[in-house]
Visitor: 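Submitted below is the structure of interest, expressed as structure tokens.
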Amino acid sequence: TIEAVKTIYPDSRLTVWLAPRHTKPLIKHHPAVDKIIVSPINRSLLKQIPFIIKLHRRRFDTALMLSPGQQWKGSLIMALADIDLRIAHTYPHLGNPTSHLFLNKYLDEIEDAHDTTQNLNLIKLLDTEFQIPDANYHLNIPEQYLVSAEKLINTIAPHPRPKFLGIHAGSAPNFPWKRWPLDNFISVAKSINQQHHLKILIFGGPDEKKQKKQLHQAIGKTISRPISTDLLTTAALMTHCRLFLSNDSGLMHLAAAVGTPTLGLFGPTDEHKTGPLGQHAHAIRAPGTKPAYDTETNYDLGPDPHLSLLNLTPQIVIQKINQILTPIQTPDV
């Protein structure tokens with residue numbers, strides 16, 4: 001979406017507004033981005049007043065709000081910041097399923113479309129003639145981070161180098177119901193190590209140190225290694241994995257963006273809307289389960305893994321991993 005905006009307005013100065021979820025380094029190296037603003041996550045509008053004042057002082061003329069998110073609050077913030085052109089999708093509010101309160105250009109979302117597709121479609125409101133590209137993403141990792149990852153891999157496993165299974169058992173802090181039980185990750189990691197001789201790289205954010213330690217101890221210290229490094233080196237390490245297994249999380253999308261075969265575990269969230277993208281991206285959910293999460297009306301599903309995730313057994317996931325890791329054999333003619 002950033003690249004599309006820059007294509008339409010090559011002389012524009014683009015500022016990206018981010019939530020504080022450690023993604024700033026990914027945007028920092030994007031050649032089209034001029035400035036980054038990180039705002040606190042806060043459901044209280046009153047506590048957003050300093051941020052609104054900051055936006056107002058910058059005198060933005062256009063704001064493009066991406067999906068998903070709490071659209072009504074974002075729309076109000078754009079209006080209070082006195083931004084002339086406010087673009088986003090319509091959203092449910094006070095019984096109206098397609099409210100466009102505080103917006104002056106808007107589109108209805110396409111049912112069951114991926115979030116990336118939804119956001120690219122907003123570009124039509126800037127330029128009706130612009131050819132919308134296929135929904136996808138790709139991250140070019142700067143060379144210095146590839147070198148750092150290579151050095152780290154050499155300390156983990158000197159030559160002959162084994163192959164790795166990457167796992168991420170966490171999620172954003174406010175979404176514990178998206179997390180598959182740790183015991184399930186442990187069972188899968190041990191099984192895949194035995195079947196495919198893959199060592200395990202345990203990924204996670206700064207707030208997931210305790211979880212990574214638990215996994216490291218339970219999986220086995222000789223066959224697993226917790227990863228604690230900056231985000232771009234993390235992305236570079238992912239390129240050394242034969243497969244990345246993850247809850248629906250930012251690290252899942254990061255692995256897919258660097259081209260690593262990725263398997264996302266889905267239950268309460270919808271894989272058609274937030275699944276990993278790319279030729280080597282896969283998503284799996286338990287048979288008979290349906291998504292339950294909605295960003296506007298049903299965003300708090302409790303402190304425990306959602307039932308739809310509990311129905312996804314290690315056996316189902318192991319079977320899917322075996323299908324991904326085992327090359328298709330073509331019969332001799």
Side-chain angles (χ1 to χ4, degrees), residues 18-26 40-43 66-70 114-116 137 165-189 200-216 218-219 226-229 231 234-235 237-238 241 243-257 260 262-277 281-286 289-296 298-314 317:
L18 295 174
R21 290 181 176 149
H22 313 294
T23 56
K24 183 177 178 179
L26 302 180
I41 296 176
N42 201 312
R43 298 197 184 279
L66 304 184
S67 178
Q70 289 199 321
H114 197 279
D115 286 344
T116 304
Y137 41 51
L165 169 71
I167 63 172
H168 178 223
S171 67
N174 296 330
F175 299 90
W177 40 265
K178 287 203 298 185
R179 299 173 194 161
W180 206 41
L182 288 188
D183 286 346
N184 290 356
F185 277 101
I186 293 164
S187 295
V188 170
I200 314 301
L201 297 183
I202 304 167
F203 292 83
D207 56 335
E208 295 170 342
K209 291 181 180 179
K210 181 178 178 181
Q211 179 194 86
K212 290 188 291 184
K213 183 178 179 180
Q214 287 177 288
L215 288 168
H216 182 42
I219 293 169
I227 299 300
S228 298
T229 186
L231 194 58
T234 293
L237 286 169
M238 289 173 174
C241 296
L243 178 71
F244 190 82
L245 175 69
S246 177
N247 297 320
D248 178 13
S249 69
L251 289 184
M252 174 195 72
H253 290 292
L254 186 63
T260 296
T262 302
L263 178 58
L265 305 173
F266 282 81
T269 52
D270 190 342
E271 65 273 28
H272 297 105
K273 297 180 179 180
T274 62
L277 293 176
H282 309 267
I284 188 171
R285 72 165 45 252
T289 62
K290 295 181 179 179
Y293 170 70
D294 180 83
T295 57
E296 295 284 344
N298 197 26
Y299 51 78
D300 187 356
L301 300 180
D304 302 312
H306 193 263
L307 180 60
S308 55
L309 269 180
L310 297 178
N311 288 333
L312 186 60
T313 66
V317 173

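If you read the sequence from its start, that first residue is 1, and numbering goes on from there.
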Visitor: At their closest point, which heavy atom of Leu263 faces which heavy atom of Leu243, and how far apart are they?
Guide: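 Looking at all heavy atoms of both residues, the shortest contact is N-CD1, 4.2 Å.
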Visitor: Below 6.0 angstrom between ring centroids: does that apply to Phe244 and His168?
Guide: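 No, the ring of Phe244 stays outside the 6.0 Å limit from the ring of His168, centre to centre.
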Visitor: Determine whether the side chains of Ser228 and Lys212 contain a donor N or O and an acceptor N or O closer than 3.5 Å.
Guide: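 There is such a pair (donor and acceptor under 3.5 Å, judged by atom type) between the side chains of Ser228 and Lys212.
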Visitor: Do Leu201 and Leu165 have side-chain heavy atoms sitting under 4.5 Å apart?
Guide: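 Not in contact.
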Visitor: Roughly how far, to the nearest 0.5 Å, is CG of Asn184 from OG1 of Thr313?
Guide: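 That separation rounds to 8.0 Å.
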Visitor: Using the six-membered ring wherever Trp is involved, compare the ring planes of His253 and Tyr137 and label them parallel, tilted or perpendicular (cut-offs 30° and 60°).
Guide: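 Because their plane-to-plane angle is over 60°, the rings of His253 and Tyr137 count as perpendicular.
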Visitor: Nearest 0.5 Å, please: how far is NE2 in His216 from CD1 in Ile227?
Guide: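 With rounding to 0.5 Å, CD1 (Ile227) is 10.0 Å from NE2 (His216).
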Visitor: Between the side chain of Trp180 and the main-chain N/O of Gly170, is any donor-acceptor distance below 3.5 Å?
Guide: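 Flag not set: sc Trp180 to bb Gly170 has no pair under 3.5 Å.
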Visitor: Under 3.5 Å, is there a donor-acceptor pair between the Thr289 and Asn311 side chains?
Guide: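 No, Asn311 and Thr289 have no side-chain donor paired with an acceptor closer than 3.5 Å.
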Visitor: For Pro276, does its backbone N or O pair with a side-chain atom of Glu271 as donor and acceptor, under 3.5 Å?
Guide: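 A pair under 3.5 Å: no.
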Visitor: Less than 4.5 Å apart, any side-chain heavy atom of Phe185 and any of Asn247?
Guide: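 A side-chain contact under 4.5 Å exists here.
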Visitor: Taking all non-hydrogen atoms of both residues, which atom of Thr260 and which atom of Cys241 are closest, and how far apart?
Guide: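 Shortest heavy-atom contact: CG2-O, 3.5 Å.
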Visitor: A side-chain contact here means heavy atoms from C-beta on lying under 4.5 Å apart; do Ile219 and Ile202 qualify?
Guide: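 Answer yes - side chains close enough.
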Visitor: Can you confirm whether the side chains of Asp248 and Thr269 place a donor and an acceptor under 3.5 Å from each other?
Guide: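 Note: Asp248 and Thr269 side chains meet the donor-acceptor criterion.
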Visitor: Locate the shortest heavy-atom distance separating Thr262 from Ala256; write the atom from each residue and the value.
Guide: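 That closest heavy-atom pairing would be OG1-N, 3.3 Å.
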Visitor: By the definition side chain to side chain contact (heavy atoms under 4.5 Å, CB included), identify the one residue from Leu245, Thr229, Leu237, Leu254 that meets it with Phe203.
Guide: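 Of the listed residues Leu245, Thr229, Leu237, Leu254, the side chain to side chain contact (heavy atoms under 4.5 Å, CB included) partner of Phe203 is Leu237.
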Visitor: Hey, does Arg285 have a side-chain heavy atom less than 4.5 Å from the side chain of Leu265?
Guide: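 With C-beta onward as the side chain, the pair stays apart.
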Visitor: Side-chain polar contacts of residues 300-307 - donor-acceptor pairs under 3.5 angstrom, sequence neighbours left out - could you list them?
Guide:
unit_1, atom_1, unit_2, atom_2, d
Asp300, OD1, Gly302, N, 3.1
His306, ND1, Ser308, N, 3.2
His306, ND1, Ser308, OG, 2.7

Visitor: Looking only at heavy atoms, what is the nearest atom pair of Ala169 and Gln211, with distance?
Guide: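 It is O-NE2, 3.3 Å.
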Visitor: Restricting to non-hydrogen atoms, name the atom on Gly267 and the atom on Leu309 that form the minimum distance, rounded to 0.1 Å.
Guide: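 Looking at all heavy atoms of both residues, the shortest contact is N-CD2, 4.1 Å.
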